[in-house]
Amino acid sequence: MEKSSSNGFTPKSGAATNGGMSEQDESERLSADLALFLSDPNLQSALADGSLDLSSYSSTINSELATLERECIALHRQAAPDIRILREEMDVCDSILAGLHEMLLGFQADLSGLSGDIRQLQDQSRSLAVQVDNRRDAEEGLRLFLERIVVPPNLAHVICRGEVDELFLECVKDLEEKYAYVKMTEKNLDEPDCPDPGLVSSAGIPPASTVAGKEMVEHLSKLRLQAVDRTRAYFLKVMKQLRRPKTHVRMIQSHALLKYEYLVDFLLVASPTIHAEIRDVYVESMSKTLYTLFRTYHKQLLLLDMRLATRVDLIAVEEAALRDAFSTKVNMRKRGDAFVLGDRAKVLDGAITAETGGDAATALTSSPINAHLALMNGDKYSYEMIFRSIMSHLIDSATNEYIFARQFLKEYGQDDCWHSIFGKTLSLVLEQLENYLFNCHDAIAILLMIKLTHYYKRMVKARRIDKVMEPFLDRVTNLFWPRLKMVMDAHLRSIRGANAKKVGAGDIHAHLVSRRYAEFTCSILLILNRGRKVTGEGNANELASNTSGKPSDKPSYRGSAGDMLVNDLDVMVEEMILLLKRLSDVHPTNKKRIIFMINNLDAIITIFKERRVSGRELNRFSDLLVQQRELFVEEELLQTFSKMIAFVQQTETHMSGISAPRGARGVAAPADVVNPEVVESLVHEFASNWKSGIEQINRNVLSYFSNFRNGMEILKQVLTQLLLYYTRFQDVIRKVWRGKPPSFCKDLVSTSVILAEIKKHALSI
């Protein structure tokens, strides 16, 4: 029994539902049933052996289906009450769902009305947002405009009553920005420093054309004048401090002036007259301060000057000048301090560092002299140290002022304030230097100061202040060279005019003049060569001219003044040699004159070697010493072995000048060449006296020459020459008696014995 559905719809049969199944579909379903039927293995086996009866099998199936149908109907009848209850519940659910559907339709209608309200509110919100944005833009533009023209109370208070400090500086900057803004017109829009080229903050209207701008110009101008007055008072107060004694100028410049350099620029724009006044006051204050400082410093340093040389400190000084007023003894302190370089060359240490590749701007690392401390300790300095201290302070001050003037006053032209500040000070330093040089006779100090001046020229060039300082340094150099020439000429005149009566005859040992000359020349050459690498035996002379006498292809690195000094040294060498010859003429014998020359030449050469100075001067004296040594050797040997030497020289001359008759064997007769008795006497005399003669030569050499090395060289040379003469004497005997030596030949001393004795004397010394 079939029941209708809840909505009254009764399902149709399969054929009606499908609208008539096609035959193809029916055949496909039949094929599927057959496949299912054949899938049973029992059926497959029954079909295979033919034992299956399809008709009986069909009736069996029908009966089973009928049984199953009856069972299903019975089950359906048992479940009918439950199905009915379920159907009632489903009807209730359908009614509930229908009520919900109607409720949702009402909600949908309400929501469609709310969406319209929301769209209206959204439109109103967008409109209000646009209005707010417009008001904010207007407020921002107005705020920027007001900030640029309105003066805050604290800004006016700081400018009118506050201290001049960093806050005052910032307030002045703000004031200038406001003043420049309210003065801006359409003509100023194209200027590069225009604060608002697009007139953004003033809504496209030039601030000077606005009502607020016109009103604020007057107030800002008054406040500007107040700032100018406060700034002027501050700078005048600070510059008054510069004129006080013992003021730290650099600290004031750095912390009180340069820190507020913007205020100077402000004065230049706001009140050029006040700016010119401040500039003039600063120039006057610094000029007086620097002038006073350097005048006082130089006065204090002069108290430390040890004055190494006076007008009587010449190379060939008179002997009376070396004695004390109440004594006949020579004062040893006056013998040569003005000519010895010693530690004085240390004044060039920093300059030499710069010459050899160091930083010229900061090479002099040693600090200048502290005058107060040196006076308390009683220290003394040579004048070149004083000069270096003054120049170091001067160049440091000039550098500082050169930089400061450009940063503070912004002056970069040729007529800037630097010359006005330093003009009096530079003139003072030149005057002080000229006054000192007028009575300066220390050539070493002058030459050291010349070297320092050349270094300072490189320093100012490295610091880029050569435009203002190099003319001053040229004037300093022009003061030094003429004075150095005068001192050198005085030394040359002293050597030319010296004689035994003026400088003292002395003994055969080295004279004081020789030592003073050697020390002086070495000092000059050491200073000239200081910091320069010289190869071989070259020195400063070779830098000025060639040793061959030919003009050099390269000019001298010193110029005409340096060449003049080197030429004076060359002249001094020859004058010194002539002076030694004049002094040697005082001695009565030729031997003493030779000894005097050797001792003096050796003293000069020794000092040259101790100071490690080489060059033409040393070569000239060395050649002359070799000549004098050769003369001494002959003189010394003639004193002890004169007969043998005369015999050898005469016989060798005679044998070389004649052609003697020959005997049967071709040998000249001895009596035709020499006197056998004379030869025999010479042989016996030498054999008996040669040892004592060598000892006498040894004693003489040790007493004549105070320099041990020089005496050793001369002793070796004398004994070597003696051995050479004796060897020549033996050669004469062998040449004369070629056939049969005479009987006295057995008394000849072997040269090996003499050589052993010479070595023994050399080792004992």
Is the closest side-chain donor-acceptor distance between [X] and [Y] under 3.5 Å?
{"X": "Y381", "Y": "S389", "result": "no"}
{"X": "Q627", "Y": "D623", "result": "no"}
{"X": "T606", "Y": "N707", "result": "yes"}
{"X": "R311", "Y": "N439", "result": "no"}
{"X": "S692", "Y": "N689", "result": "no"}
{"X": "K592", "Y": "Y704", "result": "no"}

For E575, all residues meeting side-chain hydrogen bond (donor to acceptor under 3.5 Å, both in side chains), sequence neighbours excluded | R496
Does some side-chain heavy atom of [Y] sit less than 4.5 Å from a side-chain heavy atom of [X]?
{"X": "F632", "Y": "V701", "value": "yes"}
{"X": "S681", "Y": "E685", "value": "no"}
{"X": "C440", "Y": "I446", "value": "yes"}

[X] atom [atom1], over 12 foreign heavy atoms within 6.0 Å:
{"X": "N478", "atom1": "CG", "answer": "yes"}
{"X": "R582", "atom1": "CZ", "answer": "yes"}
{"X": "R709", "atom1": "CZ", "answer": "no"}

So F596 and H587, would you call those rings parallel, tilted or perpendicular, with 30° and 60° as cut-offs?
-> tilted
